[in-house]
Every structure is written in C-alpha cells, then in structure tokens.
Amino acid sequence: MKTVTFTITDGNHMSYRDIEVLLAKMNGVERALIDVNDGDLKVEFNEDAIETIKIKQEIERRGFHIDIKE
C-alpha cells in the first residue's frame, strides 16, 4: 500500500464528499479522506492496481484542480 497526499485548491465541503465517494469506487483505492480545514486529500491505494497520476487525472476530469503534495 502507498499513501499520497494531494492538495485540492478549489472546491467546498459538499464537493469534498463527492471526491471521497468517487475515489472509493476506483479499483485499487483503499481509502480517501479529505481534511476539510486545509483541503488535503490523503489517498491510500495499491500501487499494483492504480498509479498516482491516474488518481490525479480522474479528480481533474471532474473539474477540480489538484496538486501532489511533496
């Protein structure tokens, strides 16, 4: 398992829940939690099933701007 933190630079509390639900349905994603105070999204996933860039692309495809937090 790998955990990556993303930063969502736009969105609101309602859309955050939508992102968590979207990611929970993706093959390979075990857990997705957003800190509503700072917009940090922590995603725990199986690297053999999905790549970090695919997670980022899927969120951006839904209209959100997201950065990988180093």
Note to self: I need the single residue from I55, I68, L41 that forms a side-chain contact (heavy atoms from CB on, under 4.5 Å) with V4. Which is it?
What the structure shows: I68

Item checked: Identified side-chain contact (heavy atoms from CB on, under 4.5 Å) counterpart of V43 within the set I59, L23, I34 -> L23

Which atom of [X] lies closest to which atom of [Y], heavy atoms considered:
X: E51; Y: F45; result: C-CE1, 4.5 Å
X: K2; Y: T52; result: NZ-OG1, 3.9 Å
X: G28; Y: A49; result: CA-CB, 3.7 Å

Next item on the list: Could you pull out all residues at least two apart from R62 that satisfy side chain to side chain donor-acceptor pair (under 3.5 Å)?
Entry: E58

Item checked: Joint hydrophobic cluster, V36 plus I8, side-chain heavy atoms closer than 4.5 Å -> yes

Next item on the list: Could you state whether F64 and Y16 fall into the same hydrophobic cluster, counting links through intermediate Ile, Leu, Val, Met, Phe, Trp or Tyr residues with side-chain heavy atoms under 4.5 angstrom apart?
Entry: yes

Would you compute the distance between atom [atom1] of [X] and atom [atom2] of [Y] and round it to the nearest 0.5 angstrom?
X: R31; Y: K42; atom1: CZ; atom2: NZ; value: 11.5 Å
X: F6; Y: K56; atom1: CZ; atom2: NZ; value: 8.5 Å
X: N46; Y: N27; atom1: CG; atom2: CG; value: 8.5 Å

Notebook entry, point to check: Taking only residues two or more places apart in sequence, or in another chain, which ones meet E30 in a salt bridge (Lys or Arg N to Asp or Glu O under 4.0 Å)?
Noted result: none

Next item on the list: Determine whether the side chains of D40 and T7 contain a donor N or O and an acceptor N or O closer than 3.5 Å.
Entry: yes

